[in-house]
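Atoms considered below: every heavy atom in the structure, side chains included; atoms not considered: hydrogens, waters and symmetry mates. Computed from a predicted model, the values in this text were never measured in an experiment.
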Amino acid sequence: HVDQVLYVLKDKSFATITVGGQSATREDLVAFVKSLSDSKSFKSVNLPVSNFTKDKNIDFSISLTVSK
């Protein structure tokens, strides 16, 4: 589940979005990140490797880049 979304407008053509929450399993988290990457809505999707240290109940923070 997602429990945090932070949107930061860097300038008129660039913004970052941070999505945070908890995933039940590592596989669910990988699928979520793949879905975000495949959407083509984001210039980049970054999930730090440190988010994969646990197998279950994983707290995560994903950084997304959006450009116009």
**Q** Are there over 12 heavy-atom neighbours, none belonging to Lys54, within less than 6.0 Å of that residue's NZ?
**A** yes
**Q** Are any non-hydrogen side-chain atoms of Phe32 and Leu47 less than 4.5 angstrom apart?
**A** no
**Q** In Å, rounded to the nearest 0.5 Å, how long is the span from CG of Asp55 to CG of Leu29?
**A** 11.5 Å
**Q** Give, for atom CZ of Arg26 and atom CG of Asn51, the distance between the pair rounded to the nearest 0.5 Å.
**A** 11.0 Å
**Q** Supply the atom-to-atom distance Ser37 OG to Leu64 CG, rounded to the nearest 0.5 angstrom.
**A** 8.5 Å
**Q** Who are the side-chain hydrogen bond (donor to acceptor under 3.5 Å, both in side chains) partners of Asp59, not counting sequence neighbours?
**A** Gln22
**Q** List the atom of Pro48, the atom of Ser61, and the distance in Å for their closest heavy-atom pair.
**A** CD-O, 3.4 Å
**Q** How would you list, by chain and number, every residue that makes a side-chain hydrogen bond (donor to acceptor under 3.5 Å, both in side chains) with Lys34, sequence neighbours excluded?
**A** Asp38
**Q** Answer with yes or no whether the hydrophobic clustering places Val19 together with Leu6; edges join I, L, V, M, F, W, Y residues whose side-chain heavy atoms lie under 4.5 Å apart.
**A** no
**Q** Membership question, hydrophobic clusters at under 4.5 Å side-chain separation (ILVMFWY): are Tyr7 and Phe14 in the same one?
**A** no
**Q** Should Ser41 and Val66 count as side-chain neighbours, where that means a heavy-atom distance under 4.5 Å?
**A** no
**Q** Give the minimum heavy-atom separation between Ile17 and Phe42, together with the two atoms involved.
**A** CD1-CE2, 4.1 Å
**Q** Quick check for you: to the nearest 0.5 Å, what is the distance between Phe60 atom CZ and Gln4 atom CD?
**A** 10.0 Å
**Q** Can you check whether Ala31's main-chain N or O pairs, donor with acceptor, with Ser35's side chain at less than 3.5 Å?
**A** no
**Q** Thr65: which residues meet the side-chain hydrogen bond (donor to acceptor under 3.5 Å, both in side chains) condition with it, sequence neighbours left out?
**A** Ser44
